[in-house]
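Since the structure comes first, as structure tokens, the remarks are kept for the end.
As a basis for the values below, the full set of heavy atoms in this structure was taken, side chains included, without hydrogen atoms, waters or symmetry mates. Chain A is the first sequence line, chain B the second, and so forth, proteins listed ahead of strands; every chain is numbered from 1.
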Amino acid sequence: MQNVRVRFAPSPTGYVHVGSLRTALYNFLFARHHKGKIILRIEDTDQSRYVEGAVDNLLDSMKWCGLEFDEGPQQGGEFGPYYQSQRLDIYNKEINKLIEADKAYPCFCSQERLDKIREEQANANLPIKYDGHFRNISPDESLKRMKSEAYVIRLKIPAPGETKVHDIIRGEVVFQNNLLDDQVLIKSDGFPTYHFANVVDDHYMQISHVIRGEEWLPSTPKHILLYEAFSWKLPEFAHLPLLLNADRSKLSKRQGDVAVEDYRRKGILPEALVNFVALLGWHPDDDQEVFSYNGLIEKFTLERVNKAGAIFDMDKLYWFNGGYIRNLSQEDYLKKGLKWLVNESLDTGSDEKNNNILAAVRNSLNTFSDIKEKVQLFYADKIEEYSEEASSWIRLDDSKSVFKAMIIEIDKYSELSLEEFKAIMKDVQKNTGVKGKELWMPVRAAITGTTEGPELPTVISVLGKEKIRQFVLQAIER
RNA sequence: GGCGCGUUCGUCUAGUGGUUUAGGACGCUGGCCUCUCACGCCGGUAACACGGGUUCGAACCCCGUACGCGCUACCA
């Protein structure tokens, strides 16, 4: 494929939706797969939705995900500026061409009139669209009124005929022109609408493939008509299936976490998020599911993107993430884990202890935010409560003799290292005749209050002599 | 209401007319490992929306129905 140029064109709303992440990802993979370029363009044409710091947040989330752009606000490029709000002169120039060619016209309708005709159309069960009230007023009159009245510029849709959209994912989709609205191109504040800015920018930035969400499919014929009004070459289109909530509605903030930063905060690794999201609507030609970026780049094609929407299944994300946590190098894992320990105020002050704790819980982690809960037993000052199972182990006669023997042995030492603990348990076994599960489970129950958790020697070495002694005594009393 | 898109296990999906007793993964579940849990390994569970065609033969092609979703803004 020659000269692939794609773009990710978000509007800065304050956070990056995972659906946007997937759109960005597919654009990125497609570009890299074809040795093309990916451009980041900020679609900030809605002044009423301006959010402070939104662009920084967006850039930050993209970087965290490992998505790199070839052109954009940060890296520049020969097709800038990459903020639509800085391209107003371009839109002005282009809209004038359209007006002069009678392909667009000013419309002076008030919001009230627009509301009224829509209401009438709705009541009459008619398709809802602008009635073309100002379609054919004379240029002279237009010019005169433009000086004193508020207006928008609308596209003059050629009434008869049909417009065909060739979509790489969905094939040919046909729309009847007479059902298409005379789309607003320039708003009364002078800013372009998405539809106009998008087409003009895609043209000037020489975008070869428009890869975006399915919600844009219905407006694509309008975009095509715009390209034709300018006599510009059409890009290829690919409309991605939507990401959905569990109830199959469009994935939304109301029903849980949708922002990339939410997952970051939860302790999801970017590699896991990206891997998971890549598989939502795309599948390789074999059964491989775990992918590095390079693997995705190599395998990704638009032809293998699905048509149906996909539910965002948290369980599978957690599964991916658990796998990625376990695949980290020990060093990397410890480094990342320590940050979480510190954030949760669980830093023991000892590197050795921190590392032991972290290493002990690694296998049970799905996210780094699980650390807090999994690590709790290492910080207890007393056993607040015993699980039912733990209680029944503790009450056994054999267990009581194990505990008593332990106290005797523990008192022979001033400190309790791993080695010493093993020696103690050997002697306890010898003196009581209790071994295997019957020996170890009561000890676990006594010092953790539950019958599950990391290997006992690790727990022992972190807790230290005094706590062990105290917990065992506490268990004898039960 | 109109227009458009979609519909294979609970979920993500493989599947493009015979190789399919519909494959993989998550989840759930049984077992092994093991002081326990987790990890890991082995096994089980569960689906072609419905109705008509076309064909020797259909999850795959056609038509209709149902259901879901999206769009229908001077938001993107």
Side-chain angles (χ1 to χ4, degrees), chain A residues 9-13 43-46 48-49 107 109 111 114-115 118 121-129 150-154 165 167 169-170 173-176 179-181 183-195 197-198 212-221 239 241-242 244 246-250 276 279-290 304 306-320 322-323 326 360-366 374 389-390 393 425 435-445 448 450-457:
Chain A
S11 59
T13 54
E43 308 227 325
D44 55 349
T45 58
D46 185 356
S48 64
R49 293 215 302 186
C107 161
C109 290
Q111 194 57 55
L114 260 18
D115 291 343
R118 277 187 201 121
Q121 287 165 344
N123 290 341
N125 278 348
L126 258 28
I128 292 166
K129 81 192 259 272
Y151 62 93
V152 300
I153 308 291
R154 287 180 185 272
V165 177
D167 187 279
I169 294 165
R170 285 153 217 281
V173 185
V174 183
F175 295 85
Q176 297 303 316
L179 262 15
L180 262 26
D181 217 344
Q183 193 65 50
V184 171
L185 267 17
I186 301 287
K187 299 180 259 188
S188 57
D189 64 0
F191 275 68
T193 58
Y194 167 88
H195 307 284
N198 195 265
R212 72 221 315 186
E214 187 187 348
E215 68 268 30
W216 295 110
L217 187 54
S219 47
T220 306
H239 288 93
L242 258 20
L244 311 172
D247 67 358
R248 304 214 82 94
S249 58
K250 192 171 159 183
F276 170 64
L279 259 16
L280 252 27
W282 173 82
H283 195 278
D285 56 10
D286 56 22
D287 283 334
Q288 188 179 346
E289 293 211 298
V290 178
R304 291 197 64 83
N306 286 118
K307 296 179 180 74
I311 292 176
F312 193 92
D313 176 21
M314 215 64 85
D315 278 337
K316 191 148 188 180
L317 207 211
Y318 288 148
W319 175 77
F320 269 113
R326 271 163 244 125
V361 299
R362 180 171 182 167
N363 279 345
S364 64
L365 259 34
N366 280 142
K374 300 287 182 186
E389 234 182 311
W393 274 107
M425 290 309 287
K435 57 179 181 176
K437 199 168 182 169
E438 281 65 35
L439 172 67
W440 291 92
M441 279 306 276
V443 177
R444 171 178 295 286
T448 70
T450 74
T451 53
E452 58 188 62
E455 337 182 289
L456 237 17

- Using Watson-Crick or G-U wobble geometry with both distances below 3.5 Å, tell me the partner of B:U45, or none. B:G27
- Query: Does some side-chain heavy atom of A:Trp319 sit less than 4.5 Å from a side-chain heavy atom of A:Phe276?
  - Reply: no
- Item | Nucleotide forming a Watson-Crick or wobble pair with B:U21, both distances under 3.5 Å | none
- Pairing nucleotide - B:C39, Watson-Crick or G-U, each distance under 3.5 Å: none
- Hey, does A:Leu456 reach any base, or is it just sugar-phosphate, or nothing, if we go heavy atoms under 4.0 Å? base
- Query: For B:G64, which nucleotide is its Watson-Crick or G-U wobble mate, given both distances must be under 3.5 Å?
  - Reply: B:C50
- Message: So, under a plain 3.5 Å distance rule, would you say the side chain of A:Arg326 forms a donor-acceptor pair with the base of B:C39?
- Response: no
- Which is true for A:Ile128 with a 4.0 Å heavy-atom rule: it touches a base, it touches only sugar-phosphate, or it touches nothing? base
- Can you check whether A:Leu217's main-chain N or O pairs, donor with acceptor, with A:Glu215's side chain at less than 3.5 Å? no
- Task: Using only side-chain N and O atoms of A:Lys316, determine if any of them is under 4.0 Å from OP1 or OP2 of B:G24.
- Result: no
- Query: Taking the side chain from A:Asp189 and the backbone from A:Phe191, do they hold a donor-acceptor pair closer than 3.5 Å?
  - Reply: yes
- Task: Assign A:Pro221 to base, sugar-phosphate, or nothing according to its heavy-atom contacts below 4.0 angstrom with the strands shown.
- Result: nothing
- Any strand is fair game: report the nucleotide pairing with B:A59 by Watson-Crick or G-U wobble, both distances under 3.5 Å, or none. none
- Geometric class of the A:His195/A:Trp216 ring pair [parallel <30°, tilted 30-60°, perpendicular >60°]: perpendicular
- Whichever of A:Met441 and A:Val184 has the more 5' nearest nucleotide on RNA chain B, that residue is A:Met441
- Item | Touch class at under 4.0 angstrom, heavy-atom based, for A:Thr45 against every strand present | sugar-phosphate
- Message: Whole angstroms only, please: what is the CD1-P distance between A:Ile169 and B:C5?
- Response: 14 Å
- Message: So, OP1 or OP2 of B:C74: does either fall under 4.0 Å of a side-chain N or O from A:Arg118?
- Response: yes
- Quick one: label A:Gln111 by what it contacts on the DNA or RNA (base, sugar-phosphate, nothing), any heavy atom closer than 4.0 Å. base
- Assigned partner base of B:A14, Watson-Crick or wobble definition, under 3.5 Å: none
- Is A:Asn306 touching bases, backbone alone, or none of the nucleic acid, heavy atoms closer than 4.0 Å? sugar-phosphate
- Message: Any side-chain N or O of A:Ser249 below 4.0 angstrom from OP1/OP2 of B:G68?
- Response: no
- What nucleic acid atoms does A:Glu389 come within less than 4.0 Å of, heavy atoms only: base, sugar-phosphate, or nothing? nothing
- Task: Output yes when at least one side-chain N/O atom of A:Arg248 is less than 4.0 Å from OP1 or OP2 of B:C12, else no.
- Result: yes
- Opposite nucleotide pairing with B:G4, Watson-Crick or G-U, both atom distances under 3.5 Å: B:C69
- Message: Within the 4.0 Å heavy-atom criterion, would you say A:Asn363 contacts the bases, only the backbone, or no part of the nucleic acid?
- Response: base
- Message: Test your reading of the model: is there a side-chain donor-acceptor pair from A:Ser188 to the backbone of A:Ala150, 3.5 Å cut-off?
- Response: no
- Item | Sugar-phosphate only, base, or nothing, as touched by A:Glu43 at under 4.0 Å among non-hydrogen atoms | sugar-phosphate
- Query: Looking for any heavy atom pair under 4.0 Å, which part of the strands does A:Ala122 touch: base, sugar-phosphate only, or nothing?
  - Reply: nothing
- Task: Say whether, by atom type as modelled, one donor and one acceptor occur between the side chain of A:Arg304 and the main chain of A:Trp282 under 3.5 angstrom.
- Result: no
- Task: Starting from the 5' end of RNA chain B, give me the residue, A:Lys307 or A:Glu215, whose nearest nucleotide shows up first.
- Result: A:Lys307
- Base, sugar-phosphate, or nothing for A:Phe312, non-hydrogen atoms under 4.0 angstrom? nothing
- Closest listed nucleotide, where the reference is the side chain of A:Tyr194 and the choices are B:U72, B:U36, B:A76: B:A76
- Message: Whole angstroms only, please: what is the CG-C1' distance between A:Leu242 and B:U7?
- Response: 15 Å
- Just how far, in rounded Å, is P of B:C9 from CG of A:Asp313? 14 Å
- Message: Can you tell me if A:Arg212 touches the phosphate of B:G70, counting only side-chain N or O atoms and a distance under 4.0 Å to OP1 or OP2?
- Response: no
- Tell me whether the OP1 or OP2 atom of B:C75 has a side-chain N or O from A:Lys187 closer than 4.0 Å. yes
- Rounded to whole Å, CD of A:Gln121 lies from C1' of B:C3 at a distance of 14 Å
- Item | Backbone N/O of A:Asp44 and side chain of A:Arg49: donor-acceptor pair under 3.5 Å | no
- Task: Tell me what A:Ser11 touches on the nucleic acid: a base, only sugar-phosphate, or nothing, going by heavy atoms under 4.0 Å.
- Result: sugar-phosphate
- Message: What's A:Lys374 touching, base or sugar-phosphate or nothing? Going by heavy atoms closer than 4.0 Å.
- Response: nothing
- Query: Heavy atoms under 4.0 Å, any strand shown: does A:Val152 hit a base, just sugar-phosphate, or nothing?
  - Reply: base
- Do A:Arg444 side-chain atoms and A:Thr450 backbone N/O form a donor-acceptor pair below 3.5 Å? no
